[in-house]
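Nothing here was measured: the structure is a model prediction, and the numbers come from that model. Note: hydrogens, waters and symmetry copies are ignored here, and every other heavy atom, side chains too, is used.
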Amino acid sequence: MSDMRCDIELTVNGETVMETVEARTTLVDFLRETLALTGSHVGCEHGVCGACTVRVDGAIVRGCLMLAAQCNGAKVETIEGVSDSGQIADLQSAFERRNALQCGFCTPGMLLTAQELLSNGGVPSRETIREHISGNYCRCTGYQAIVDAIEAVAQARAGGRK
Amino acid sequence: MKPAPFAYAKAKSVEHAIELLGQAGGDARPLAGGQSLIATLNMRLSAPKLLVDLNGIGGLSGIAVRNGRVEIGALTRHVDAERSADIGKHAPLIALAMPHIGHAAIRNRGTIGGSIAFADPAAELPACLLALGGEIEIAGANGRRTVKADDFFKGLFETALSPQDVLTAIRVPAVTKDTRVGFAEFARRHGDYAMAGLAASAKANGAGLAGVRLAYFGVGDTPVRAKKAEAALAGGKVDDAIAALAADLNPSGDVQATAATKKHLAGVLLRRVTKQLMEAQP
């Protein structure tokens, strides 16, 4: 009934994946080491930095605080899939235009976190934006440019719907 | 770091979980949201032989209001409690606390029962449960039982739960028109564990307050009732209540703040929360 290794079947960025994983393997290590999807980064490994943020069943989670074994049957999306889908092209472009990244380590997690807020619709206040990205560390930008970029995209998307 | 090796089993029911928890000689841990547990495994602060995943168990999540009480299933995610109209209306103290618990990605996954069972002394929900005089539903090898919040938190990360127990739900009294609640905390970064925080409930009593319950977090091994301050506040004297905290609280310094800072913050929190308690609330 209990196992040190588990068979899992899940979809990652729309593709079905079947693997056998060690029970102790975290989701982000599985994505990086087994599937070679290295866009999700490993920072603190205890839920503080947000670099490992991925989507599971449509909601962002810490890839380091979920086990791959728990993702049996789940729908996982990483920055690779979300980027390829084009759904955050405007956000990526705004990050580049406004220097909302420098080294880029936090960027995949920051983009997925920002997209979750933006997908609620409307134009969130700068304070709301700051609260929503509070779980994602950036050690380069000082956040100001990141908030600028997210706010600009929110305004552009809201304007585009009118 | 990476966790030490462990085995993983997915429980099909509460009874199955209890059975599985009994198999590893007391060295199994139930896995709910995992937002604290997996962090401690990654840091190798704990290394159980077996994780029993509760996430597949039906009927353990959801929010219900009945018989003047709000019941929250243990597997209810923080995000669902945060968005719940029933929590906002009938358990407003929990609604006030919710945005302070971790970050968006943490609240998407973390569970109400997990927060209570883990009993981090700096966490918001254990203090809310204590301030509200709530109770905890537990299923164990010898059947089900209910434990009052006042009797649940025993010591640092230590609760009334035994290794084979599964926390199934919490219950708090639904507010009435004379209920007053207040909540405030200081954290270095929004969403981080608090340096010090305060959850409070009371009943309006004319122009004053009765039945004051002050539950501090981040200032001891467990959430801490400040009983002398409660009595002083019921007497209507905020300054006396703040002075009484010296006898109620004995915080140790930690990585976040020194003991002296925490003591000072406790007084600031009490002044702010008292203001909330004195305001008319729906």
The interface call for Asp29(A) against chain B, heavy-atom contacts under 4.5 Å, is side chain
Heavy-atom nearest pair, Glu45(A) first then Met1(B), reads OE1-N, 2.5 Å
Heavy-atom count around Glu15(B) CD within 6.0 Å, excluding the residue itself: above 12?
-> yes
message: Using modelled atom types and a 3.5 Å cut-off, is there a donor and acceptor pairing between side-chain atoms of Ser134(A) and backbone atoms of Gly191(B)?
response: no
Query raised in the report: Hey, is the main chain of Pro3(B) close enough, under 3.5 Å, to the side chain of Arg24(A) for a donor-acceptor pair?
Result: yes
Comparing Arg107(B), Lys2(B), Met43(B) against chain A, the one with the most heavy-atom pairs below 4.5 Å turns out to be Lys2(B)
Requested in this report: Report, as yes or no, whether the 6.0 Å neighbourhood of atom CG on Asn120(A) holds more than 12 heavy atoms from other residues, nucleotides or ligands.
Outcome: yes
Most contact-rich option vs chain A, by heavy-atom pairs under 4.5 angstrom, among Gly56(B), Ala104(B), Gly110(B), is Ala104(B)
Sub-4.5 Å side-chain heavy-atom contact between Leu65(A) and Arg109(B): no
Turns out that what part of Ala24(B) lies under 4.5 Å from chain A's heavy atoms comes down to neither
Highest number of heavy-atom pairs under 4.5 Å with chain B among Leu112(A), Leu67(A), Ile133(A), Asn136(A) belongs to Leu67(A)
Interface check, chain B: of Arg130(A), Arg62(A), Glu116(A), most non-hydrogen pairs under 4.5 Å belong to Arg62(A)
Exercise for the section: Could you tell me whether Arg139(A) atom CZ has more than 12 heavy atoms of other residues or ligands within 6.0 Å of it? Expected result: yes
dist His132(A):NE2 -> His190(B):NE2 (nearest 0.5 Å) comes out at 11.0 Å
Geometric cation-pi criterion, Arg189(B) with Tyr137(A): 6.0 Å, 45°: yes
Separation between OH (Tyr8(B)) and CD (Glu22(A)), nearest 0.5 Å, reads 15.0 Å
Note: vs chain A, highest number of non-hydrogen pairs under 4.5 angstrom among Ser36(B), Ala4(B), Gly33(B) is Ala4(B)
_I'd like to know if the side chain of Asn108(B) reaches the main chain of Val61(A), judged simply by a donor and an acceptor atom lying under 3.5 Å from each other, with no hydrogens or angles considered._
no
If one checks every heavy atom of Leu41(B) against chain A at 4.5 Å, the contacting part turns out to be neither
Answer key: most heavy-atom pairs under 4.5 Å with chain B among Ala69(A), Gly109(A), Gly47(A) is Ala69(A)
Distance col, row Ile60(A):CD1 vs His103(B):NE2, nearest 0.5 angstrom, shows 11.0 Å
Applying a strict 4.5 Å limit to non-hydrogen atoms, the region of Leu51(B) in contact with chain A is side chain
Among Val56(A), Val48(A), Thr53(A), Thr25(A), the residue with the most heavy-atom pairs under 4.5 Å to chain B is Val48(A)
d(Cys64(A) SG, Ile38(B) CD1) to nearest 0.5 Å is 8.5 Å
